[in-house]
Amino acid sequence: MPQVTLTVNGKSASVEVEARTLLVELLREKLALTGTHVGCDTSQCGACVVDVDGVSVKSCTMLAVQADGAKVTTIEGLAAADGTLHPMQEMFREHHALQCGFCTPGMVMSAIDLVKSHPEGLTEAEIRHGLEGNLCRCTGYHNIVKAIAAAWPLMHGKAMPAAAE
Amino acid sequence: MNAPFEGIGASVRRKEDLRFISGGGHYTDDINRPGQLHAYFRRSDRPHAKIVSIDTAGAAACPGVVAVYTAADLAAIGGVPCGWQIHSKDGSPMAEPKHPVLAEGKVRHVGDPIAVVVAGTRQQAKDAAEKLDIVLEDLPSVSSVTDAVAPGAPRVHDDVAGNICYDWHIGDKEGVDAAFAKAAKVVSLDLLNNRLIPNAMEPRAAVGDFDPMSGEYTLYTTSQNPHVIRLLMGAFVLQIPEHKLRVVAPDVGGGFGSKIYHYAEEAMVTWAAGKLKRPVKWTAERSESFMSDAHGRDHASTAQMALDAEGKFLALRVSTLANMGGYLSTFAPAVPTYLYATLLAGVYTTPVIYCEVKAVFTNTVPVDAYRGAGRPEATYLLERLVDTICHDTGLDRVAIRRKNFIAPDAFPYQTPVALQYDSGNYIATLDAAMKAADWAGFPARRAAAKARGKLRGIGMSTYLEACGIAPSKLVGQLGARAGLYEVANVRVHPTGSVTVFTGTHSHGQGHETTFAQLVSDQLGIPVSQIDVVHGDTAKIPFGMGTYGSRSLAVGGSAMVKAMDKIIAKGKKIAAHLMEASVDDIEFKDGKFSVTGTDKSRTLGEIALTAYVPHNYPIETLEPGLDETAFYDPMNFTFPGGCHVCEVEVDQDTGITSVVNFVAVDDVGRVINPMIVEGQVQGGVAQGIGQALLENAAYDAEGQLLSGSFMDYTMPRADDLPNITVGTESTLCTHNPLGAKGCGEVGAIGSPPAVINAVIDALKDFGVRHLDMPASPQKLWAIIQSNRPRMAAE
Ligand code: FES
Ligand code: FES
């Protein structure tokens with residue numbers, strides 16, 4: 001069986017997996033990082049989104065062996081060592097952007113990527129469009145959109161450019 | 001600095017969120033037990049077939065396989081029971097065919113489980129399941145209710161003639177006939193309520209465990225009501241006594257009704273764990289969820305309203321065919337009867353109503369309660385009928401509603417279909433919603449849209465629902481095979497912190513916060529000192545779980561009763577300590593004080609005394625400060641309100657955009673406005689989904705066409721607008737909180753508001769009615785076929 005060596009949330013790990021093992025299975029079953037969820041089998045829901053080398057990835061759509069040598073960040077690795085939450089986590093709580101919490105890890109990971117990749121700012125329509133790969137059945141997205149807009153200035157350290165608002 | 005207000009009415013941020021935003025949630029699939037095996041179900045891919053043979057040898061020989069089971073192995077266990085019995089018009093009990101854990105002799109829907117493989121890993125079990133040699137012989141099959149009741153239709157169950165589960169009715173048939181005979185006008189409408197797939201984001205999962213030493217079973221499961229599962233599975237399927245069966249429903253990733261029911265997979269893993277003496281786990285793949293989670297809605301109805309010359313409703317006649325699917329799910333029979341037909345008065349004074357309902361078996365997945373359950377179907381029927389009356393008669397949509405509203409001073413109001421509403425103010429919610437939606441400014445917006453080439457429409461629905469279904473005595477008479485009370489245990493610890501054990505279950509509703517606020521308000525201690533525990537039959541005395549927007553109205557009321565007992569006992573302890581009469585002790589803001597003096601003791605001091613009873617009235621009072629209450633409500637609660645939807649339809653694509661949505665609801669007392677708003681928004685999103693996007697599509701034979709997220713259109717962020725929520729509350733008069741419930745209002749009020757808006761947008765195209773979902777194809781075809789006419793005009 002192939003051996004996969006990768007860094008997850010700053011810690012290196014080396015595990016033996018079947019060649020067909022998905023990255024999400026490696027995270028959940030081999031490393032017991034159960035914050036990353038599986039909500040579908042067709043790559044549609046985004047509950048499994050993690051960060052692989054700076055890019056958000058649906059971890060149900062990537063083989064574990066493809067992540068060999070990669071740096072992976074999951075929802076468990078977002079907060080600082082002292083427990084300080086990432087601003088996106090904080091804004092999700094502040095704006096009641098979660099109910100059952102099942103979509104939340106993937107939603108937060110996607111949202112961070114969305115904000116990072118839009119230094120020019122984000123309109124509401126762009127946020128909604130940017131969440132196309134993530135399903136939430138509970139919230140109706142209203143508060144998720146609000147939380148992401150509120151996290152943008154915190155993550156970029158400046159006010160959202162007026163044109164984007 | 002004063003402590004922040006955390007009591008009733010404060011938007012306290014949720015206590016449960018830290019674990020969910022940190023990846024620390026604890027869902028069923030996150031549970032792994034030592035020595036655990038994995039189960040994989042092989043399911044039918046045919047809607048209806050005879051099982052000719054099953055050869056398990058190939059599967060059993062696969063690597064890692066520990067056991068393969070079929071119905072033949074389950075002869076000693078019972079079928080999955082139904083929790084509600086309806087009687088037909090003629091008094092006969094409903095047809096209740098056996099629902100086996102694994103298919104016996106025949107499969108009756110795509111997804112019906114035939115065999116299960118248990119192996120060391122999930123992949124091994126799945127690979128081995130491929131090697132099962134199952135020979136099926138197709139039988140004629142049927143998927144729609146209208147086809148299933150047609151003469152000569154194939155029978156889903158050999159001994160159920162005409163596929164009729166029951167033929168039930170309610171109301172005054174002669175009275176309705178007489179009123180129709182005198183009516184100035186009769187308006188009729190045929191309508192379908194489209195079948196939906198709940199699709200909670202967490203797929204169902206179950207882990208069975210067995211301890212051979214104690215003989216105790218544990219089931220971890222994705223359930224909204226663990227005690228109900230223990231009762232149904234223990235008593236009816238596996239014959240495990242309650243004290244030897246523990247059911248745990250940990251964090252659950254959404255339910256919307258679909259996780260109320262006892263499912264075959266739960267019984268299967270529990271039974272297999274006992275047989276194999278090892279834990280057995282199963283987690284649904286999403287494609288399994290589509291074909292095995294109970295679906296929702298699926299009604300075909302004819303509605304007729306008799307009116308006088310001024311547009312006053314004289315009588316309503318309704319006839320409905322309700323799809324039950326291939327077997328009866330736990331509460332399925334109650335949905336199109338007592339949760340539907342009893343709601344047909346709505347917010348109107350219609351004096352006589354008659355409704356008949358035929359529940360019909362088909363070769364489809366069982367149908368049961370989905371967010372709103374029966375009430376969305378009743379609301380959709382009524383509110384579409386009201387708009388159709390306006391279409392046919394030219395009466396104004398708002399005026400006709402006002403004319404027929406039950407007046408704010410008419411409560412308690414007895415409807416002609418059994419329910420007695422305790423409170424409401426439909427004019428207030430209507431006025432507030434119209435104002436928030438700027439109804440008056442709509443013509444200008446329509447004109448502006450027209451200039452941009454878009455068709456703009458506005459629609460409303462004024463609705464009512466019945467929540468917190470009760471009292472137990474009444475529901476027993478109506479056929480429920482359980483009570484519908486709720487239980488709370490309030491434990492004040494020696495240092496004054498509190499744990500509340502509730503029989504309700506939170507799977508997104510935020511109970512850990514709302515209930516803590518309730519306790520904080522009544523006992524005067526901070527929310528941080530209060531923990532709410534739910535979801536474990538080993539910890540909680542009993543409970544009926546969470547559905548039908550019952551948790552606060554029923555479960556919260558049980559908590560209030562338990563806290564009343566705590567305070568009453570605390571007063572006795574305080575009276576002893578302060579050498580005063582019990583009658584002179586008052587409790588306020590967490591302090592027991594002697595009236596007219598400055599003597600007082602905190603709740604913490606009283607609690608410590610109760611657990612360290614050195615100076616204590618031990619002859620007359622037991623130590624400890626721990627009280628349990630059962631609360632059986634006197635009536636349903638009746639939330640209501642008005643939803644207004646504004647849409648724009650693109651003429652070239654047929655795509656409908658919801659450009660504004662306002663929901664003003666009367667949910668009674670609000671504990672946490674932030675959570676209520678979130679509940680309504682989530683419900684509205686599902687309602688817009690039903691109206692515009694979602695449809696569980698079957699072909700005529702019963703092949704499920706929408707079996708994945710690629711074929712079943714879930715609402716995504718860019719399909720939805722911002723949703724403006726307002727509340728206009730009247731209080732429930734019969735529970736101590738005045739609470740009515742907010743979990744379902746969004747999904748109940750919204751679908752007709754959306755469709756009424758779409759039809760208004762298509763005003764110039766001669767559309768009287770269209771069935772949900774109002775998909776782009778449907779609208780595009782309507783627009784196209786009317787183009788020549790429009791051009792000619
Ligand atoms: S699990 Fe649904 S997209 Fe990965
Ligand atoms: S919070 Fe439940 S699915 Fe998003």
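Note: hydrogens, waters and symmetry copies are ignored here, and every other heavy atom, side chains too, is used.
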### Query
Is it the side chain or the backbone of B:Ile688 that comes within 4.5 Å of chain A heavy atoms, both, or neither?
neither
### Task
Could you look at B:Ser22 and say if it's the side chain, the backbone, both or neither that has a heavy atom under 4.5 Å from chain A?
both
### Message
For A:His37, which atoms come within 4.5 Å of any heavy atom of chain B: side chain, backbone, both, or neither?
### Response
side chain
### B:Phe709 and A:Ser43: CA distance, side-chain angles, deciding distance, side-chain contact (heavy atoms from CB on, under 4.5 Å) verdict
CA-CA 9 Å; B:Phe709 286 145; A:Ser43 205; over 6 Å; no
### Summary
dist A:Ile144:CD1 -> B:Gln681:CD (nearest 0.5 Å) comes out at 10.5 Å
### Query
If every non-hydrogen atom of B:Leu720 is compared with every non-hydrogen atom of A:Arg128, which pair is closest and at what distance?
O-NH1, 3.1 Å
### Query
By a 4.5 Å heavy-atom criterion (distance strictly below it), what part of B:Arg122 contacts chain A: side chain, backbone, both, or neither?
side chain
### Segment of A:Leu85 engaging chain B (4.5 angstrom heavy-atom cut-off)
side chain
#### Entry: Closest-packed option against chain A by number of heavy-atom pairs under 4.5 Å, given B:Arg19, B:Gln123, B:His26, B:Arg371
B:Gln123
### Summary
If one checks every heavy atom of A:Val38 against chain B at 4.5 Å, the contacting part turns out to be backbone
### Query
Out of A:Gly101, A:Ala97, A:Gly39, which one racks up the most heavy-atom pairs below 4.5 Å with chain B?
A:Gly39
### Query
Between A:His142 (side chain) and B:Asn722 (backbone), is there a donor-acceptor pair under 3.5 Å?
no
### Query
What is the distance from atom OG1 of A:Thr104 to atom CG of B:Asp17, rounded to the nearest 0.5 Å?
8.0 Å
### Short side-chain to backbone donor-acceptor contact, A:Arg137 and B:Gly255, under 3.5 Å
no
### Task
Please determine, among A:Leu98, A:Leu131, A:Val108, A:Asn143, the option with the most heavy-atom pairs under 4.5 Å with chain B.
A:Leu98
#### Entry: Top of B:Gly689, B:Ser289, B:Pro203 for chain A proximity - count of heavy-atom pairs under 4.5 angstrom
B:Pro203
### Message
Has A:Tyr141 got a side-chain atom pairing as donor or acceptor with B:Asp719's backbone, closer than 3.5 angstrom?
### Response
no
### Query
Any side-chain heavy atom of B:Phe20 sitting closer than 4.5 Å to one from A:Pro105?
no
### Over all atoms of both residues, closest heavy-atom pair of A:Phe102 and B:Tyr27
N-OH, 3.3 Å
### Nearest-0.5 Å distance, CZ of residue A:Arg93 to CD of residue B:Glu16
11.0 Å
### Message
So does B:Asp29 get a backbone contact from the side chain of A:Arg28, meaning a donor-acceptor N/O pair under 3.5 Å?
### Response
yes
### Query
Where on A:Glu18 is there a heavy atom nearer than 4.5 Å to chain B: the side chain, the backbone, both, or neither?
side chain
### Task
Report yes or no: does B:Arg14 contribute a side-chain atom to a donor-acceptor pair with the main-chain N or O of A:His96 at less than 3.5 Å?
no
### Query
For the side chain of A:Glu132 and the backbone of B:Asp718, is there at least one donor-acceptor N/O pair under 3.5 Å apart?
no
### Query
chain A heavy atoms under 4.5 Å from B:Arg13: which part of the residue, side chain, backbone, both or neither?
side chain
### Task
In plain terms, say whether B:Lys281 and A:Glu29 are close enough for a salt bridge, that is, a side-chain N and a carboxylate O under 4.0 Å apart.
no
### Task
Below 4.5 Å from any heavy atom of chain A, which atoms of B:Phe290 appear? Answer side chain, backbone, both or neither.
neither
### Query
Between A:Leu135 and B:Met201, is any pair of side-chain heavy atoms under 4.5 Å apart?
yes
### Closest approach of A:Cys100 to B:Gly253 (non-hydrogen atoms, all atoms of both residues)
SG-C, 3.4 Å
### Message
At under 4.5 Å between heavy atoms, what parts of residues 504-512 of chain B are in contact with chain A? List them by residue number.
### Response
B:His507, B:Gly508
### Partner chain B: residue of A:Cys40, A:Gly35, A:Ala32 with the largest heavy-atom pair count (under 4.5 Å)
A:Cys40
## Note on the structure
Cut-off 4.5 Å, heavy atoms of chain A, and the answer for B:Val252 is backbone
### Task
Heavy-atom distances under 4.5 Å only: say whether A:Leu78 touches chain B with side chain, backbone, both or neither.
neither
### Message
Looking at A:Asp41 and B:Ser287, would you say the former's side chain and the latter's main chain have a donor-acceptor pair under 3.5 Å?
### Response
yes
### Message
Does A:Gln99 form a side-chain contact (heavy atoms from CB on, under 4.5 Å) with B:Gln679? I'd like the steps, not just the answer.
### Response
CA-CA 8 Å; A:Gln99 291 182 22; B:Gln679 286 294 308; 3.3 Å; yes
### Task
May I ask you to name which of B:Gly682, B:Ser11, B:Ala685, B:Ser708 has the most heavy-atom pairs under 4.5 Å with chain A?
B:Gly682
### Query
Any side-chain heavy-atom pair from B:Arg286 and A:Gln44 closer than 4.5 angstrom?
no
### Message
Can you tell me how far apart CZ (B:Arg716) and CG (A:Asn134) are? Round to the nearest 0.5 Å.
### Response
8.5 Å
### Task
Could I get the full list of side-chain hydrogen bond (donor to acceptor under 3.5 Å, both in side chains) partners for A:His95, not counting sequence neighbours?
none
